Every structure is written in C-alpha cells, then in structure tokens.
Number of protein chains: 2
Amino acid sequence: MGPDLETLIQKISRLPGLGPRSARRLVIHMMKYREQSLEPLLQSMENVRRNVKTCPICGNVDTFPDICSICSDKKRRKDVICIVESVADLWAVERTSCFTGQYHVLKGLLSSLDGRGPELLMLDKLQKRCGENAVAEVIIALSATVEGQTTGHYIRNFFRDKNLKITSPAHGIPIGGELDYLDDGTLAAAFSARG
Amino acid sequence: MGPDLETLIQKISRLPGLGPRSARRLVIHMMKYREQSLEPLLQSMENVRRNVKTCPICGNVDTFPDICSICSDKKRRKDVICIVESVADLWAVERTSCFTGQYHVLKGLLSSLDGRGPELLMLDKLQKRCGENAVAEVIIALSATVEGQTTGHYIRNFFRDKNLKITSPAHGIPIGGELDYLDDGTLAAAFSARG
C-alpha cells in the first residue's frame with residue numbers, strides 16, 4: 001500500500017482509542033472521500049496548528065491572540081479558581097454551565113511511580129494569581145482516583161494557613177444512578193454527606 | 001474552546017467509527033502532544049495528499065508516479081483478476097499473501113435503492129483488460145451480503161459466453177469457528193461444498 005499510507009496508518013493507530021484496524025478504516029475513508037474528508041480535515045488541522053495556543057494564565061487551549069476566552073471574559077468571576085487536571089476536564093465543567101469563575105489547568109497529577117512531581121501543579125503561579133485577583137475560593141475538581149486524591153491533598157496542604165476557602169465537588173449518587181449498582185465507597189460518601 | 005477547535009472536533013467526529021466524545025479526546029491528545037502527535041500526523045497526511053493516488057488500471061491507492069505497485073509488479077500473474085468492492089478488501093486479500101494476480105476495485109456495489117447502477121463496476125474497462133492480458137480467470141471476491149451477491153450475479157452474467165473462468169472464494173466454516181454457533185445458511189453451504 002506504499003510507505004506514505006503505512007506511515008499515516010501507523011500514526012493514526014497510536015492515537016488514544018484507535019488501533020490498526022480503525023486506523024486503516026479511517027485512511028481508506030479519507031482516500032475514498034478526498035474532497036469531502038481528507039482536504040477539509042487537513043485544512044482544519046492546519047488552522048488549529050496555526051491559531052490554537054495554550055493560555056499562559058490558565059493552561060486552556062483556545063484560538064486567541066494572547067490570553068484565552070475564559071481568562072479575558074469580563075463577565076466571569078475573578079475570585080474563584082477551579083483546579084482541573086486537563087483541558088478535557090475544563091471543557092467538561094464548562095459544558096455544565098454552572099461555573100463562571102477562572103481555571104487552573106495542571107500539567108499532570110502527582111505520581112511518584114511515574115516520577116511526576118509538584119512542579120507539574122504550578123502552585124506558585126496559582127498562588128500569585130490568587131493574590132493578584134483577591135481570590136476567595138479555590139475549587140479542587142480532580143478525578144476521584146488515587147492520583148487525583150493524592151494531588152488534591154497536596155494542594156490542600158499547600159494552601160493551608162493561606163486564608164483561602166478550599167472546596168471540592170461533592171461525592172454522591174450519580175443522577176439516574178441506581179443504588180443497587182453503586183459501589184460501597186460512593187454510597188457511604190453519599191450517606192455521610194446527606195442533606 | 002474556539003471555532004478552530006470546534007471545527008476540527010466536528011470534522012473528526014464525522015469519520016467512520018468516531019463520535020463527538022472520541023473526537024474531543026483525540027483533539028485534546030493532539031493539543032497536549034503537539035510535537036509528538038499533531039505535527040507528525042499533519043506531515044504524514046500532507047504526504048499522503050501529495051503522493052498517494054488512485055491507480056488508473058486497478059483502482060488501488062498507492063504512492064507511485066503512474067501505476068500502482070501491484071499492477072507494475074512483474075512477478076505477479078497477469079492472467080488472473082480479482083474483483084473486490086473496495087481498497088480495504090484489496091488490502092485484506094493482500095494480507096493473506098495467497099493471491100498473486102491483479103485486482104479490479106469496484107467503485108461500489110449495485111443498489112437500486114441507493115441508485116447505484118452498473119457504471120460503478122466499470123466492466124467494459126475490465127473486459128478490455130481481460131482481452132489485452134489474456135486473462136483466463138476472474139475471481140469475484142465480494143462480501144456475502146445481498147448487495148455483494150447481486151453485484152456478483154450481475155458480473156457473472158456480463159461475462160457469460162466470454163470464455164472466461166469465473167470463480168468465487170468458497171463459503172464455509174470460518175477457521176476456529178464452532179459449528180454450534182454458525183448460522184444455518186453457512187453450515188448448509190459448508191456441507192454442500194464438502195470435500
């Protein structure tokens with residue numbers, strides 16, 4: 001099938017959630033519909049490469065000349081910062097439309113096994129931002145995994161005695177979830193946080 | 001998240017086997033690993049756009065100046081042509097390494113419902129090739145679906161009285177398949193073709 005196609009299939013198959021089979025399928029689709037699929041996709045990826053940058057303030061990715069649309073939005077609250085693990089999580093919180101503050105996107109979670117240390121959290125930068133913007137509350141919205149909770153604990157410790165309200169989203173029964181199928185830890189957390 | 005990212009996510013989510021969720025995941029991966037993922041992928045897609053063409057003889061896609069590596073391979077037999085529905089099927093047959101003849105890739109299967117007529121089969125072109133290369137056998141390797149079988153039947157009819165051996169791959173029990181789980185049609189076919 002030629003080296004160019006093989007290389008492309010290999011590259012696509014390394015993307016998350018894809019394998020050699022789906023990569024082959026995608027490439028064949030793109031070859032079959034060059035005008036409708038390959039060309040616009042290439043164009044779009046080039047636009048993203050050229051225009052999309054990481055915000056130097058919060059770490060969001062966006063099309064912008066300088067800082068991202070969330071950081072530059074005058075209508076959003078400046079006194080609440082939500083810490084998220086990744087841009088994906090930032091987008092997830094944004095989709096709920098229930099948070100109108102600022103973000104701080106980590107470069108990763110702490111993991112001594114993988115050699116990921118506190119420098120990924122950029123807490124000095126965050127602390128500086130808190131001081132400059134009179135931030136009153138920091139929301140730690142990290143995954144309820146071991147790494148997420150360890151990182152959250154570290155951040156709480158860092159901000160201890162700094163006169164800041166540190167909160168986290170509640171644990172509990174997912175909307176639409178059945179009690180019967182819920183794991184014991186979640187159910188216990190939901191019961192002790194009942195109201 | 002900005003119009004460029006949204007456009008890219010939308011375009012990726014229209015690819016076969018992907019949806020909005022996986023498209024978002026891919027884009028976030030590409031933004032996170034720009035140097036390792038986005039840049040090489042773009043480069044590779046541009047190479048494919050520039051170098052990969054459809055073979056005017058068989059319909060295969062390949063990196064080549066004029067005709068594809070299969071058509072120009074002197075070691076392959078010229079007297080057998082295998083008809084496949086798509087380049088994906090051509091690649092599948094090539095992976096078996098058991099066929100060393102030529103190919104004829106259809107532009108689609110007959111379907112009166114979808115308005116796909118015999119012009120997609122390019123049978124005149126195929127007939128001309130058969131004459132020029134003293135082809136003795138045409139293998140119809142189409143899917144065992146209604147459309148595939150209808151198209152196969154049409155092609156058999158077309159080549160009737162043309163002094164060509166028309167064959168198809170055998171139907172039967174898949175290697176590693178259990179009799180118990182096999183559908184009745186396949187089992188019946190396997191029994192009547194026993195040997």
Side-chain angles (χ1 to χ4, degrees), chain A residues 1-12 14-18 21-34 36-54 60-64 68-70 86-92 94-95 105 107-108, chain B residues 1-12 14-18 21-34 36-54 60-64 68-70 86-92 94-95 105 107-108:
Chain A
M1 63 178 89
D4 287 324
L5 282 172
E6 260 171 57
T7 313
L8 180 57
I9 290 175
Q10 204 183 48
K11 293 224 183 317
I12 293 181
R14 284 209 208 105
L15 293 173
L18 297 175
R21 272 191 100 87
S22 35
R24 257 198 315 262
R25 195 171 160 207
L26 288 179
V27 169
I28 282 172
H29 176 90
M30 289 193 268
M31 296 316 303
K32 197 167 175 187
Y33 303 100
R34 272 171 177 252
Q36 305 97 307
S37 182
L38 179 63
E39 296 293 338
L41 195 62
L42 250 171
Q43 193 56 51
S44 184
M45 282 173 73
E46 272 160 12
N47 286 345
V48 163
R49 167 168 64 175
R50 199 172 39 242
N51 302 331
V52 176
K53 297 193 176 63
T54 301
N60 186 14
V61 290
D62 204 347
T63 317
F64 52 94
C68 79
S69 57
I70 294 179
S86 64
V87 177
D89 291 354
L90 186 156
W91 289 354
E94 279 298 290
R95 280 199 297 279
V105 182
K107 288 193 174 151
Chain B
M1 62 178 89
D4 287 323
L5 282 172
E6 258 170 59
T7 313
L8 180 58
I9 291 175
Q10 204 183 48
K11 293 225 182 318
I12 292 181
R14 284 209 209 104
L15 293 173
L18 297 175
R21 270 191 101 88
S22 35
R24 255 196 318 260
R25 196 171 159 207
L26 289 179
V27 169
I28 282 173
H29 177 89
M30 289 193 268
M31 296 315 304
K32 197 168 175 187
Y33 303 101
R34 272 173 177 250
Q36 305 98 306
S37 182
L38 179 63
E39 295 294 337
L41 195 62
L42 250 171
Q43 192 57 51
S44 184
M45 282 173 73
E46 271 161 13
N47 286 345
V48 163
R49 167 168 65 175
R50 199 173 38 241
N51 301 330
V52 176
K53 296 193 177 62
T54 300
N60 186 14
V61 290
D62 204 347
T63 318
F64 52 94
C68 79
S69 57
I70 294 179
S86 64
V87 177
D89 291 355
L90 186 156
W91 290 353
E94 279 299 290
R95 281 198 296 278
V105 182
K107 289 194 173 151

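Because the structure is predicted, anything quoted here is derived from the model rather than measured. Protein chains get the first letters and strands the later ones, always in sequence-line order, with residue 1 at the start of each.
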If you round to the nearest 0.5 Å, how far is OG1 of Thr54(B) from CZ of Arg34(A)?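 Rounded to the nearest 0.5 Å, the CZ-OG1 separation comes to 6.0 Å.
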Rounded to the nearest 0.5 Å, how far does CZ of Arg49(A) lie from CE of Met31(B)? 11.5 Å
Beyond-backbone contact of [X] with [Y], side-chain heavy atoms, under 4.5 angstrom:
| X | Y | answer |
| --- | --- | --- |
| Leu15(A) | His29(B) | yes |
| Glu46(A) | Glu46(B) | yes |
| Ser44(B) | Asp4(A) | no |

Contacting moiety of [X], where chain A heavy atoms sit under 4.5 Å:
| X | answer |
| --- | --- |
| Leu18(B) | side chain |
| Arg95(B) | side chain |
| Asn60(B) | neither |
| Ile28(B) | side chain |
| Met45(B) | both |

Shorter than 4.5 Å, heavy atoms on both sides: which option in Gln43(B), Arg50(B), Glu39(B) has the most such pairs with chain A?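 Of Gln43(B), Arg50(B), Glu39(B), Glu39(B) has the most heavy-atom pairs under 4.5 Å with chain A.
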Which one wins on heavy-atom pair count under 4.5 Å against chain B: Leu42(A), Asp62(A), Leu41(A)?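 Most pairs with chain B among the choices: Leu42(A).
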Between Ser69(A), Ser37(A), Pro40(A), which shows the greatest number of heavy-atom pairs under 4.5 Å with chain B?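 When all of Ser69(A), Ser37(A), Pro40(A) are compared, Pro40(A) has the most.
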Given side chain to side chain contact (heavy atoms under 4.5 Å, CB included), test Thr7(B) with Asn47(A) step by step and report yes or no. CA-CA 10 Å; Thr7(B) 313; Asn47(A) 286 345; over 6 Å; no
